[in-house]
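So the structure is just underneath, and the comments pick up after that.
Side chains are part of it too, since the values below use all heavy atoms of this structure and drop only hydrogens, waters and symmetry mates.
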Amino acid sequence: MEQIDDQYRPADVESTVERYWDEHDAYEAATEAHADDPPFFFVDGPPYTSGQMHLGTAWNKTLKDAVIRHKRMTGHRVTDRPGYDMHGLPIEVKVEEELGFESKRDIEAYGMEPFIEECLRFAEENREAMDEDFQSIGVWMDWEDPYKTVSPEYMEAAWWAFSKVAENGLVEQGKRSISQCPRCETGLANNEVEYEHVDDPSIYVKFPLAEREGSLVIWTTTPWTIPANTFVAVDGDLTYQAVRAERDGDEEVLYIAAECVEDVLKEGRYDDYTVEDEYTGEEMVGWAYDHPLADRVAEYPDFEGAGQVYTAEYVEADRTGLVHSAPGHGEEDFHRGRDLGLEIFCPVEPNGEFTEAAGPYAGTFVRDANEAIIADLEADGHMLASGTVNHSYGHCWRCDTGVIQLVTDQWFISITDVKEDLLANMETSEWYPSWARDNRFRDFIEDAPDWNVSRQRYWGIPIPIWVPEDAEPGALDDEMIVIGSREELAERVEEEIDPGTIDLHRPSVDGLTIVEDGTTYRRVEDVFDVWLDSSVATWGTLGYPGADEAFDELWPADLIIEAHDQTRGWFWSQLGMGTAAVGEVPYEEVLMHGFANDSEGRKMSKSVGNIVTPQEAIDRVGRDPLRTYLLSHDQQGVDLAFEWEGLGEIQGKLNILWNVFRFPLEYMALDGYDPAAATLEDGELEVVDRWVLSRLQSVEADVADAWDDYRVHDAVNTVLSFITKDVSRFYVKAVRDRMWEEADSASKRGAYATLSTVLAETIRLLAPIAPYLTERMYQRFDGGATTVHALSYPEPDPSLRDAELERDIGVLRDVEEAAANARQQAGRKLRWPVPRVIIETDDPAVADAVENLTALIADRVNAREVVVTDVFDELVERARPVMAAIGPAFGGEAQEVMTAVQGATREAIEGGEVRVNGEPIELDEDMVEYVAEPPEGVSGTDFDGGTVYVDASLTDEIESEGYARDVIRRIQEMRKELDLDVEARIRVGVEIDDDRVAGFIEEHADLIAGEVRADAWLEAPDAAEGTDSLIERWDVEDVTVRLGVEPVAE
RNA sequence: GGGCCAAUAGCUCAGUCAGGUUGAGCGCUCGGCUGAUAACCGGGAGGUCCGCGGUUCAAAUCCGCGUUGGCCCA
């Protein structure tokens, strides 16, 4: 790794380093170096193995990697086991697609065992591809040993945790209204339901009252739930009206909330109406009505209490103000129905088809039956109005089928019973940013329903519940046996099994039976909701409960890092599981980052075609620039709008670092200086050295603070800005001359030592962010350790900090900037010295700073003399005509007066020297204003603490040096063109067609020869001979100069 | 439909918590420097601080109502 390219080429750097890491086992070296440090338990949120790395997951893993590397460098033994989430419906659906399946029946026909093998194969293949993806962006985690949710050890962690939940009395079986995907034939968790806008029926139905004239009017978008209608809900406090409505000469009485009457009658195209009566909802309770499909369906809710009006909280004065309620379907209806002690009637199968109870609709898919039901309602005269509405409706997150609400028997973790604990535990973890916890997360917890953990599927962790065979489902939690480990399983089941080798997947556990007290128990067929898998990751990562050593030392996790979608996902599932199982939250700190969107801030999606892949970014700019780019934006809660320009910008900044790094290498090599052995005690530190070292300490302190708060982007940007602004822009410029010096000197060694220190520490500061680049630089610069990532992170040394000096140089830089501006006004380039620079200030701190740094300022602004003063007394007051006064007084002559006044000195005006056409003119005081301006040849520019004046007047001596410097510059340019080594000697011939300028050059012959390493002067440019000589004609301040450069043979 | 977050120069972002003349980098443009040279530095142009209302002597900042985008929930 010795040869350093002139140019920063990320691809070359990264492939070189990648090879180096492989050959030297660098990752192992880094972890071993910190093997005895105090522990830091990081837990990787497992990505789902159904796809490849995208920009969002690349960001996620890059952030994790940076934090892990930083933690390691700051003296921690970091748990860096990556994880993969490999079970679940998404994979089943993909495999079903591959095999051309359409329903669960196809799976049963194919065979559960081969199907599950296909799922495992699919998940493993994806996992391997993702392994490679993550390693391709330099993520150093323990890729030899990732945790997989499909391993027996991991699945056991889920069984163990669930058995603890059961011990705590929080596992319940019950009928619940759930979102069911009729295609996948399984219940879905709330977060598996995605909402899309669709057109659905919008019908107003009349339910004829049994004991009085008229009908209740309800509105619904799901005609297929009408067969299950059990009651009609009203708001007890709302006013309802009985209206006699007329349409086409027919009259009927309708009951509608008062606020809704107009709208409903308009929907029904009624011609007129009169209000006959008013009731509160409370007064209507108990009114009976006839089920509108009573004559059509085989069964309908006609049991005790059905077919009546009840109050319910979910009623609003919207549509009709009366709500068709089917506890067999809707969740709210279900809860209210159960409170009312009503039976739960649901004539729909898990696959969405009506049962025999639904009579003519039996065997029809519910949504397909809508049409027939609408037609029947119309035929029977129950339809008030029928149309369509566009609204958002839930769909299965995987197969995009519209979900249906059904009541089925499911297993739950009753987290609503421990809500107080959840809220209390939530407070014990620290979130970055904190608002995510205190607003979003808290809201979610407060509203969270019980967790339905059962899925009627195949590819998942089997639920370890055994229930008495032939028992009626409903409340089996009283009789269930929950198994918590493979060991316990082997002990309790009748069959002979080896706990060391048993695969816990279906179907191998399905046939196992337990016989206790004469009762035979069989496993429930369900598998866990896949969110339960990852909820036990803190245990699974440590191999608990199979092994408990690491658990005893490390649990709970010190930190987890995920994007904001996990507030409702993994952040939540872990809190829920931790609280239900062991009464604790499994993590102490949460770093929540955002999503990677496109440059417009829009979500990247296939359909929009705005996807940028990490591979594309790596191909175009490289891994380190991509990582640095991702980490240079806010990492706390906000999204990233990805755009290529920003990526290029970052590459540019890293290129500056590269240039700063290789700048001293050649000089050091010439002098045999070893940067790895640099000490600040060797050599003499000048003021700029002390300054940049002080800045380095300040940067290190700021960076440490930033990491402490997980403000990673602040850490990144602080280092980058130090490199570009302080080191490149200021320090390198200041030490150039000292590096170019041929002779050894204490000053040069001081500069070497300073730059070596700054670079060595800056490399380490940036190592967690840009691991390849920094490794490359470290190995070239030092290489004492196997890898830079095994070293410790730089810490500020207070003895090198000098706040006063940092302030003073701040002033100097302001002054320098203002001086550059003033020079530009005066048209005097920096290469030409100026006799004086005057700094006018009334701020003693600024004056002090300038006085402390006079020599340095003089050097940087190229001035013979630097003066600081509180009043620059050479300013000349110049007149400005006030035309409002001059115009009326002089009429036609006003223009000429104006010209005469403009720019005259106060002396001239007051001495009556202003003349127009030779005649002195009388000027009143109000006709002239005065502005203080610098004298001839001086220009001034304001800065924060005052004004900088540059006296740019010329003398022979200054002109002489100016021309000499210009000639030096041209010769250096030619050396460069000849590609000469830094130390190569030359001979130079000069020809100038201006005798005066030729004289100036002659005066400075020794200076020029020294600067350009010339051994001798040639007679003329043309005397430069040989193929490797160069003769060029230059224009210097309008004077033609011909130069010949001839390398001296060695 | 609800909750949370974001919107500031052509682009990416600071500044918002603690109200007091909107800043930086990139890009553009003009100039300068230079044995870091496809690098580096300076000047200039460029702003309805998303909109509307309110509080206040004073609002990018605080409050309310919207718009657009993102995440989550229904």
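Using N1 to N3 plus N6-O4 or O6-N4 for Watson-Crick, or N1-O2 and O6-N3 for G-U wobble, each under 3.5 Å, B:A36 pairs with nothing. Under the Watson-Crick or G-U wobble criterion, with both distances below 3.5 Å, B:U67 is paired with B:A7. With a 3.5 Å ceiling on both atom-pair distances, B:C49 lacks any Watson-Crick or G-U wobble partner. When Watson-Crick and G-U wobble pairs are counted only if both distances are under 3.5 Å, B:A24 pairs with B:U12. Pairing of B:A60, defined by two Watson-Crick or G-U wobble distances under 3.5 Å, is not identified with any nucleotide. B:C17 makes up no base pair with any nucleotide shown, lacking Watson-Crick or G-U wobble contacts both under 3.5 Å. Base pairing annotation: B:U29 forms a Watson-Crick or G-U wobble pair with B:G43, both donor-acceptor distances under 3.5 Å.
Spacing of P atoms, B:G10 relative to B:C73, comes out at 37 Å, to the nearest Å. Only the C1' atoms considered, B:G54 is 32 Å distant from B:A74, to the nearest whole Å. Annotation: B:G47 and B:C30 have their C1' atoms spaced 22 Å apart (nearest Å). To the nearest whole angstrom, the two C1' atoms, one in B:U22 and one in B:G32, are 29 Å apart. Spacing between B:C13 and B:G51 at atom C1', rounded to whole Å, works out to 22 Å. Between B:C71 and B:A9, the distance separating the two C1' atoms is 28 Å to the nearest Å. Distance check on atom C1': B:G69 versus B:C63 gives 23 Å, rounded to whole Å. Across B:A59 and B:C17, the matching P atoms stand 14 Å from one another, rounded to whole Å.
In this structure, A:H395 places its NE2 atom 16 Å from P of B:C73, rounding to the nearest Å. To the nearest angstrom, C1' of B:G32 lies 13 Å from CG of A:N862. Between the C1' atom of B:C4 and the CG atom of A:D447 lies a distance of 13 Å, rounded to the nearest Å. Regarding A:N597, its CG atom lies at a distance of 17 Å from the P atom of B:U68, rounded to whole Å. For the pair A:E446 CD and B:A74 P, the interatomic distance rounds to 16 Å; values are reported in whole Å. Rounded to a whole Å, the CG atom of A:D639 is 12 Å from the C1' atom of B:C72. Straight-line distance from the CG atom of A:D714 to the C1' atom of B:G15: 13 Å, rounded to whole Å. Atoms CG (A:D438) and C1' (B:C5) sit 14 Å apart, rounded to a whole Å.
Side-chain polar atoms of A:N717 and A:S632 form no donor-acceptor pair below 3.5 angstrom. For A:Y393 and A:T221, the side-chain atoms include no donor-acceptor pair closer than 3.5 Å.
Panel note: side chain A:R823, backbone A:V861; a donor-acceptor pair is recorded below 3.5 Å. When atom types are taken as modelled, the side chain of A:Q636 and the backbone of A:Y710 share a donor-acceptor pair closer than 3.5 angstrom.
Each of A:R969 and A:Y629 was assigned the nucleotide of RNA chain B with the nearest heavy atom; the assignment lying further toward the 5' end belongs to A:Y629. Residues A:N655 and A:L640 each lie close to RNA chain B; by heavy-atom proximity, the contact nearer the 5' end of the strand is made by A:L640.
Between A:R437 and A:E427 there is a salt bridge, since at least one side-chain N of the basic residue sits less than 4.0 Å from a carboxylate O of the acidic one. Using a 4.0 Å cut-off between charged side-chain N and carboxylate O, A:R813 and A:E817 make no salt bridge. A salt bridge links A:D966 and A:K829; the closest N-O separation between the charged side-chain nitrogens and carboxylate oxygens is under 4.0 Å.
One finds a side-chain N or O of A:Y667 lying less than 4.0 angstrom from the OP1 or OP2 phosphate oxygen of B:A36. Contact check, A:R729 against B:C41: a side-chain N or O comes under 4.0 Å of OP1 or OP2. For B:C13, one of the phosphate oxygens OP1 or OP2 lies less than 4.0 angstrom from a side-chain nitrogen or oxygen of A:H633. Side-chain nitrogen and oxygen atoms of A:N659 include none within less than 4.0 Å of the OP1 or OP2 phosphate oxygen of B:C40. Of the side-chain N and O atoms in A:K603, none sit less than 4.0 angstrom from OP1 or OP2 of B:G69.
Residue contacts shown for A:E649 include a base, since a base heavy atom lies under 4.0 Å away. Backbone-only contact: A:V638 has heavy atoms under 4.0 Å from sugar-phosphate atoms and none from a base. Residue A:E643 is in sugar-phosphate contact alone, with no base atom involved, counting any heavy-atom pair closer than 4.0 Å across all strands shown. Within the nucleic acid shown, A:R736 comes within 4.0 Å of at least one base atom, counting heavy atoms only.
For the pair A:R738 and A:Y667, the cation-pi criterion (under 6.0 Å, within 45° of the ring axis) is not fulfilled.
Here the side chain of A:A820 is nearest to one of B:C33, B:G42, B:C4, namely B:G42. The side chain of A:D565 lies closest to B:C72 when the candidates are B:C13, B:C72, B:G10. Considering only the side chain of A:W435, B:C5 comes nearest among B:U12, B:C5, B:G32. When the nucleotides B:C5, B:G70, B:G25 are ranked by their closest atom to the side chain of A:K653, B:G25 comes out on top.
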Restricting to nitrogen or oxygen on both sides, can you table the protein-nucleotides 45-47 of chain B pairs closer than 3.5 Å?
none

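Annotation: ring pair (Phe, Tyr, Trp, His ring centres under 6.0 Å) contacts of A:W1034 (sequence neighbours excluded): none.
In the displayed structure, A:Q972 atom CD is contacted under 6.0 Å by more than 12 heavy atoms of other residues, nucleotides or ligands. For A:E313, the CD atom sits in a loose shell: 12 or fewer heavy atoms of surrounding residues, nucleotides or ligands are nearer than 6.0 Å.
Between the base of B:C72 and the side chain of A:R568 there is no donor-acceptor pair shorter than 3.5 Å. In this model, a side-chain donor or acceptor of A:S728 finds a partner on the base of B:A36 within 3.5 Å.
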